[in-house]
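All remarks here apply to the structure that follows.
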Amino acid sequence: MPRTQEDFEEFAVARTPQLYRAAWLMCGDAHRAEDLVQETLAKVYVRWHRRLGGPIEHPVAYAHTTLTRAYISAQRRRSNHETPTESLPERIEQGGDAATSLALRDALAQLAPMDRAVLVLRYLEDVSVADTADALGVSPGAVRNRTLRALERLRAVLGPSLRDLLEI
């Protein structure tokens, strides 16, 4: 049964907050996260209406895989590492512990893009090892290995507060 435009709009409205959260945790920047979500939804939209190959079997998993691959691809671009510093826009506090969020963001920023993506998917988005491996195009063993190394690095940076941060 082909999916309609209304089905896609409903999917996009329902999944955008989760996709944005994952994107922000991966890249650490609100504007880049918005761009990643927009790019992800555009790619899902194209696939959503494709007649050949049938409809997307698991659209949520497809969207997370697309988001993760878009993030990793963006990390490879040289222009991705440019950051403006002269003036910063005012931000509205959205609740939660700002110090905890900043500590987590800074710690994640010290990880390699692939390690960061693994931790975001596994612990903050609660994606299984197998689904994370599929999303990243690696083996489940590689996901477990990267998870262990990334957690060791986070422990070195954050110390004993790591367990509290991952329960966000």
Side-chain angles (χ1 to χ4, degrees), residues 2-84 101 104-154 157 162 165-166 168:
R3 295 193 172 119
T4 65
Q5 178 71 23
E6 292 79 25
D7 291 340
F8 176 78
E9 289 173 5
E10 185 178 305
F11 170 81
V13 168
R15 296 307 302 175
T16 295
Q18 290 83 8
L19 290 171
Y20 176 79
R21 178 176 181 258
W24 186 86
L25 288 168
M26 284 183 204
C27 69
D29 178 76
H31 299 292
R32 285 181 47 213
E34 289 171 356
D35 291 344
L36 281 172
V37 171
Q38 184 176 9
E39 181 180 345
T40 297
L41 289 175
K43 289 178 179 181
V44 171
Y45 179 82
V46 169
R47 179 67 169 81
W48 193 277
H49 294 290
R50 188 181 298 167
R51 299 252 185 247
L52 295 176
I56 301 171
E57 195 168 324
H58 302 287
V60 174
Y62 184 83
H64 274 284
T65 299
T66 303
L67 174 73
T68 304
R69 289 180 180 172
Y71 163 70
I72 291 170
S73 178
Q75 287 301 106
R76 293 183 181 123
R77 284 182 237 137
R78 179 178 291 241
S79 65
N80 184 54
H81 303 289
E82 298 174 357
T83 54
S101 295
L104 179 60
R105 188 184 94 196
D106 292 342
L108 287 172
Q110 295 180 28
L111 298 176
M114 191 72 126
D115 291 343
R116 191 173 184 171
V118 166
L119 289 184
V120 168
L121 289 173
R122 289 285 298 126
Y123 293 102
L124 300 171
E125 291 297 316
D126 199 28
V127 176
S128 71
V129 171
D131 290 342
T132 300
D134 287 342
L136 298 175
V138 297
S139 70
V143 169
R144 287 189 287 273
N145 189 15
R146 283 190 174 276
T147 300
L148 288 175
R149 283 189 287 145
L151 286 174
E152 285 176 9
R153 183 134 185 227
L154 279 181
V157 172
L162 175 63
L165 289 174
L166 291 178
I168 294 175

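In this structure, the side chain of Ser73 does not engage the main chain of Arg69 through any donor-acceptor pair within 3.5 Å. Put simply, the side chain of Asp134 never gets that close to the backbone of Asp131: no donor and acceptor are under 3.5 Å apart. Although no hydrogens or angles enter the test, the distance criterion places no donor-acceptor pair under 3.5 Å between the side chain of Arg105 and the main chain of Leu25. Without hydrogens or angle criteria, Arg153 side chain to Ala112 main chain gives no donor-acceptor distance under 3.5 Å. Here the side chain of Arg146 pairs no donor or acceptor atom with the backbone of Ala117 at under 3.5 angstrom.
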Test side chain to side chain contact (heavy atoms under 4.5 Å, CB included) on Arg21 and Leu124 and set out the steps.
CA-CA 9 Å; Arg21 178 176 181 258; Leu124 300 171; 4.3 Å; yes
Let me see the working for Asp115 and Leu119 under side chain to side chain contact (heavy atoms under 4.5 Å, CB included), right down to the final yes or no.
CA-CA 6 Å; Asp115 291 343; Leu119 289 184; 5.8 Å; no
Quick one, Leu148 with Arg144, criterion side chain to side chain contact (heavy atoms under 4.5 Å, CB included). Give me CA distance, side-chain angles, the key distance, then yes/no.
CA-CA 6 Å; Leu148 288 175; Arg144 287 189 287 273; 5.7 Å; no
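Taken from NZ in Lys43 to CD in Glu39, the straight-line distance is 4.0 Å, to the nearest 0.5 Å. The distance from the OG1 atom of Thr132 to the CG atom of Leu121 is 5.0 Å, given to the nearest 0.5 Å. Within the model, atoms CD of Gln75 and CE of Met26 stand 10.5 Å from one another, a figure rounded to the nearest 0.5 Å. Annotation: the span from Leu111 atom CG to Leu154 atom CG amounts to 5.0 Å, rounded to 0.5 Å. Taking OH of Tyr71 as the start and CG of Leu136 as the end, the distance is 11.0 Å to the nearest 0.5 Å. Note that the CD atom of Gln5 and the OH atom of Tyr45 stand 4.0 Å from one another [nearest 0.5 Å].
Side chains of Phe11 and Val60 form a contact here, defined as non-hydrogen atoms less than 4.5 Å apart. Side-chain contact check for Phe8 versus Val44: some heavy-atom pair is nearer than 4.5 Å.
No more than 12 heavy-atom neighbours from other residues, nucleotides or ligands sit within 6.0 angstrom of CD on Glu10. Around atom CD of Gln38, no more than 12 heavy atoms belonging to other residues, nucleotides or ligands sit under 6.0 Å away.
Here the closest non-hydrogen pair linking Ala22 and Val120 is O-CG1, 3.8 Å. In terms of heavy atoms, Ile56 sits closest to Tyr62 at CG2-CB, 3.6 Å. Cys27 approaches Arg116 most closely through the heavy-atom pair C-NH2, 3.4 Å. Here the closest heavy-atom approach between residue Val129 and residue Pro140 is recorded as CG1-O, 3.7 Å.
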